[in-house]
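One structure is given here, and the rest of the page talks about it.
Here is how names work: the chains are called A, B, and so on, in the same order as the sequence lines, proteins then strands, and each is numbered from 1.
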Amino acid sequence: TQLLEQSPQFLSIQEGENLTVYCNSSSVFSSLQWYRQEPGEGPVLLVTVVTGGEVKKLKRLTFQFGDARKDSSLHITAAQPGDTGLYLCAGGEINNAGNMLTFGGGTRLMVKP
Amino acid sequence: DAGVIQSPRHEVTEMGQEVTLRCKPISGHDYLFWYRQTMMRGLELLIYFNNNVPIDDSGMPEDRFSAKMPNASFSTLKIQPSEPRDSAVYFCASSFWGTHTGELFFGEGSRLTVL
């Protein structure tokens, strides 16, 4: 079973600060996805990265896939209260059954105004 | 387009009672997943279907849990009998293999409380 560890588990910051969330594994993944989950809702996909070293930007969010495709990071610039939520990374492994995802434990972010 | 629809959104029941959770996946999606989320264990995959056929149910906790997908537009997760430790948020998600990225579309979840 492939495991994904996310750090930190909890993060509380002030509006305007920058932060980085990490997602690490000893296994290689074919793709890496980041989801955000708000209270009372299901996770929603933010981005998918598939190439080692790939960097994707989504407004103030920057996602990077490690060169070896074992880890990823999410950097948020000038965090806003609307960024509050649970951030989940999910590693994808393609097999005969499809593209199966393994989820990390999540990073719970709170951005205070 | 309608997303994944789950019902009920909230269920409170007593230990020993049967619980049935329902899911309507996004039309055209060929994969359906049932997850359970708790603070302690995070998001756990219980079972998934491909074209209505159960592929992997190794995440189902025990025989009290069962899932069915009688057709492409409906799935159920049943717990019988329910226990307090089953209290969690249960998510249904669907995806389309054709994209090869495995993006999951989640429903809003069913919050189950077993007293």
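- Of the two parts of B:Phe105, neither the backbone nor the side chain holds a non-hydrogen atom closer than 4.5 Å to a non-hydrogen atom of chain A.
- A salt bridge does not link A:Arg69 to A:Glu54: none of the charged nitrogens lies less than 4.0 Å from a carboxylate oxygen.
- Between B:Phe106 and B:Phe91, the angle of the ring planes goes over 60°, which puts this pair in the perpendicular group of the 30/60° scheme.
- Neither the backbone nor the side chain of B:Arg111 comes within less than 4.5 Å of any heavy atom of chain A.
- Contact of B:Met40 with chain A is not made at all, since no heavy-atom distance falls under 4.5 Å.
- Here the CZ-SG distance, from B:Phe33 to B:Cys23, works out to 11.5 Å after rounding to the nearest 0.5 Å.
- Nearest heavy-atom pair, A:Thr84 versus A:Val111, reported as atom, atom and distance to 0.1 Å: OG1-N, 3.0 Å.
- For the residue pair A:Val47 and A:Leu45, the shortest heavy atom distance occurs at O-CD1, 3.4 Å.
- Both the backbone and the side chain of B:Leu104 come within contact range of chain A, with heavy atoms under 4.5 Å apart.
- Residue B:Gln37 touches chain A through its side chain alone, counting heavy-atom pairs closer than 4.5 Å.
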